[in-house]
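Inspection log for the structure reproduced underneath, given as structure tokens.
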Amino acid sequence: MIRINDILDKVAFYHPEADLDIIDRAYIYSARMHDGQVRLSGEPYLAHPLEVANLLADMKLDATSVAAGLLHDALEDTRATVEDLRTMFGEDITHIVSGVTKLSRFSFKSSEERQAESIRKMILAMADDIRVLLIKLADRLHNMRTLQFHKPEKQVEIAQETLDIYAPLANRLGIFRIKKELEDTAFKYLMPDEYNGTIGWITKNQEEREKHIEAVREILKKKMGEHNLECEVLGRHKHFYSIYKKMVNQGLDFEELYDIIAFRIILNTVKDCYESLGVIHSLWKPIPKRFKDYIGMPKTNMYQSLHTTVIGPFGERVEIQIRTHEMNKIAEEGIAAHWQYKEGRAGDEQSDRQFAWLRQLIKNQKNLKDPREFMDTVRIDLFPDEVYVFTPNGEVKEFPKGATPVDFAYSIHSEVGHRCTGAKVDGRMVPLKYKLQTGEQVEIILSPRHKPTKDWLNFVVTSKARSRIRQWIKTEERGKSLALGRELCEKEFQKHRLHFNPKSEEFQKIAEEFGFKSNEDLLAAIGYGKITLLQAVRKLLPKSAIQEETETFIDRLKKHIQKKKRPSGILVRGVDNILIRYAKCCNPIPGDEMVGYITRGRGVTVHRADCISILTIDPERKIELEWAEGTREAHPVKVRVSCHNKIGLLADISAAISKEGTNITDVSVKADTSAKQAECTFTIEVVNTKQLDTIIRKLKKVKHVIHVARQS
């Protein structure tokens, strides 16, 4: 177990003026709070806060960060309170520890909601202080290092969350050292066979490969010396998970991989970097389209480097990265290197640019109440395969791969996005669905009368565009519902010889009794059909005057629905024997959240709750549904499989599906001969989402399969 004196010595070495006393006090308090607690490994729980603090010291963070690392679990796992921490350690440390603390003391409807709220809280906290996330990453890194003490199912759950959220966060912050270890460790637990196969292949010809690395390194060193370029030349294997991803994405066997070794040339100045690039290209032939200049156009996580791939001295492909010493430090440590600050130092313009994506994510989350929608937004922002385009003024803007002119328009301003009616790319008109490419210049064409359409949600990729379009749709729907609610109330009140005044104190009291903040909220709810007119009128009439009108609008519609014995598995709350139809646009299955839509004469159509079609239907016709317990009825669902076009692969995929006791009712295959890839769409019958998830997991393990996803 690491000792506190080792941590204090580290901090004193890189920060002689640090307040070591606060670290020492945090250690004593943490030891007292965690006294008697043990980890699953059997060691004292205090070992974990010490390891986290040690990782923060390795990042050369300030004393406040290290002290917060020692206390990061105090609020969650001990009797310590926020008031205790504030009294003993001040507001700064208390804020950081509160941000790191998970929401385990609160109850949520699902594990998905718990994860979403935990991530949401962490993101909000790190907006004020990025040290929250640095501590969270250190916490997750040590937990991954001791994952072997958990049960297998928990190992998979934690590893998947790490690969989905924490490794991308480390990447977004440019902390590649932590990102690599998180990915490799998660890889080990999620795909043990593939992990062991990758390690076995790398170690198989280790000695020969080391000789090759040394030979190329010496050639580069000598050539740089001939041009008086003082440098350091390094050669290394790429990390295991990146090697495996390259193999899967390119449909290659281990023996066919050519660039698992990367060479790095570290020089003193930017001028030396470009000069050394010229030397390399004159020495070895560069491969077209394999050069990237991240010095002239840095990534948002501050990463800077020149990347080139050449035909090396032995006829093999050689990947070379060229950067300065400062760039190399930032490439390894990211924001931690930039934020190794003395007490109270604020971020500068460079770090502000880096966190533009974070600020946007925070703005978006305010409008995203649904946990699934929030997590989708987070994932979009964490996996940006960047595309760089230019405004007409020459400003560079970065977008995720697949971004469209509509995404570009919303990045400028919400009103520009709303009024976007067309776009020019490099001077030519393009559809709004057009996918932008790096280097293109984009000009947006506006119309003052133009409005967003729901179809835009089918092709926009940035979280800002999606949230602004959804917000506009909700506002429009509310406006319609408000007008409808007002009209219905006027007619109903006249029917009962009452004067309808939505601004009256009586109507305000009715709104408050129903739990609404304003009269308009109640009117909108009536327009939506969430509150019936009779319910509102009853609040004003004496009981003797209330007519026996108990039918709502929905009740009357139900009378006209063709009645038929419902299929097993669906319960319409409060109604029996209603004809049920499953929407073909989203194919809901047991386990999905769902919404019913009352049709005229065709019963209730069942949609998934996240189906885009739901946005277009009349809210008055929505009805609550639920899945019956224990149903085993088979439901059709489409699964899209992207794969390399290999002989026998279709049979392997079909066999993997059949092994799960699942029937395949339809298959369609589209092959792209130029890319040597294929898109397969399987219609299969499953009983619930759990079985579907198992099938998707098994398909992802089939060799030469690139991507598997459920198709709406």
Side-chain angles (χ1 to χ4, degrees), residues 109 363-370 373 414-415 418-419 448-449 451-454 467-561 572-575 595-600 604 609 614-626:
K109 296 177 183 177
K363 287 181 182 177
N364 293 339
Q365 67 85 32
K366 294 177 182 177
N367 301 314
L368 302 177
K369 306 303 181 185
D370 178 33
E373 189 177 340
S414 295
E415 282 303 312
H418 291 340
R419 307 302 173 211
R449 296 182 180 179
K451 298 177 181 179
T453 70
K454 298 179 180 72
S467 67
R468 293 298 183 271
I469 295 167
R470 284 194 179 110
Q471 189 176 1
W472 185 88
I473 291 170
K474 288 177 182 176
T475 302
E476 285 288 299
E477 292 293 335
R478 177 179 169 82
K480 292 177 182 177
S481 298
L482 194 60
L484 178 61
R486 185 176 285 109
E487 181 182 345
L488 291 173
C489 281
E490 287 175 352
K491 291 180 179 179
E492 189 69 16
F493 273 56
Q494 287 175 6
K495 184 177 177 181
H496 293 281
R497 298 180 181 180
L498 294 172
H499 174 64
F500 174 64
N501 180 7
K503 296 182 180 180
S504 66
E505 291 185 8
E506 291 82 0
F507 199 76
Q508 177 64 40
K509 288 179 180 178
I510 296 174
E512 291 174 357
E513 287 184 31
F514 280 113
F516 294 107
K517 294 181 180 179
S518 69
N519 297 354
E520 287 193 350
D521 289 341
L522 175 57
L523 287 173
I526 292 172
Y528 273 121
K530 294 177 181 178
I531 300 294
T532 67
L533 290 168
L534 188 58
Q535 285 176 302
V537 172
R538 276 178 172 170
K539 299 289 183 180
L540 293 176
L541 288 176
K543 291 183 179 181
S544 58
I546 297 177
Q547 298 181 12
E548 294 299 321
E549 296 184 20
T550 58
E551 288 187 335
T552 66
F553 174 70
I554 288 180
D555 292 329
R556 291 193 295 273
L557 276 176
K558 288 173 185 173
K559 281 187 175 181
H560 298 285
I561 292 174
V572 181
R573 294 179 187 172
V575 183
V595 174
Y597 172 60
I598 299 176
T599 63
R600 286 190 172 93
V604 173
I614 290 296
L615 295 172
T616 64
I617 68 175
D618 184 349
E620 281 200 25
R621 292 170 176 260
K622 289 182 183 179
I623 190 169
E624 293 185 1
L625 307 174
E626 62 185 32

Test log, rule side-chain contact (heavy atoms from CB on, under 4.5 Å), inputs Arg419 and Lys451: CA-CA 6 Å; Arg419 307 302 173 211; Lys451 298 177 181 179; 4.2 Å; yes
Nearest atoms (heavy-atom pairs only) where Ser518 meets Ala511: O-CB, 3.7 Å
Check ion pair Glu487-Lys491 (N to O, under 4.0 angstrom): yes
Measure across Cys489 and Leu523 and return the closest heavy-atom pair with its distance rounded to 0.1 Å. SG-CD2, 3.8 Å
Spacing of CH2 belonging to Trp472 relative to CD belonging to Glu415, to within rounding of 0.5 Å: 11.0 Å
What distance separates Gln471 CD from His418 NE2, expressed to the nearest 0.5 Å? 7.0 Å
